Amino acid sequence: MKTDLLKKLIKEAVREAIQEEIKDILLEAVRSPKTVVNENATPISYTTKTPTISPDIKRNLRSMIGGEFDATITANSSHAQPAYTPPPVSTTGEGSSLPGGEVSLDQIMGLMTK
């Protein structure tokens, strides 16, 4: 039997099987008893109230982080970490060492997105 004829027979058999299953599923869905769902939605009102932190909680927070804290966070490029410089690789063969160099985080991110 040729492969084209075999493929055609398999496709037709699969198509018929899927159509029968879909037919059974649809008939079962139509014949099954329906339950009525009633929703009672009650609106929730929100108030915009600034939360207050008790002095005890503030004291506990300060003790956990080790001192005073400031709620404002500032960051700029001066806070960025310097480029990663890998340590030299020790090899056993002469002339088989890798060249030294720097790898910036931009280069690493460029590799990850490709």
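Basis for what follows: all heavy atoms, side chains included, without hydrogens, waters or symmetry-related copies. Computed from a predicted structure; not experimentally measured.
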Open item on the list: Under the rule for side-chain hydrogen bond (donor to acceptor under 3.5 Å, both in side chains), what residues qualify as partners of D24, not counting sequence neighbours?
Closed with: none
Open item on the list: Membership question, hydrophobic clusters at under 4.5 Å side-chain separation (ILVMFWY): are V14 and L6 in the same one?
Closed with: yes
Open item on the list: Does E12, at its CD atom, have more than 12 non-hydrogen atoms belonging to other residues, nucleotides or ligands within less than 6.0 Å?
Closed with: yes
Open item on the list: Using the salt bridge (charged side-chain N to carboxylate O under 4.0 Å, His left out) criterion, which residues pair with D4? Sequence neighbours excluded.
Closed with: none
Open item on the list: For L26, give me all partners under side-chain contact (heavy atoms from CB on, under 4.5 Å), at least two apart in sequence or on another chain.
Closed with: I22
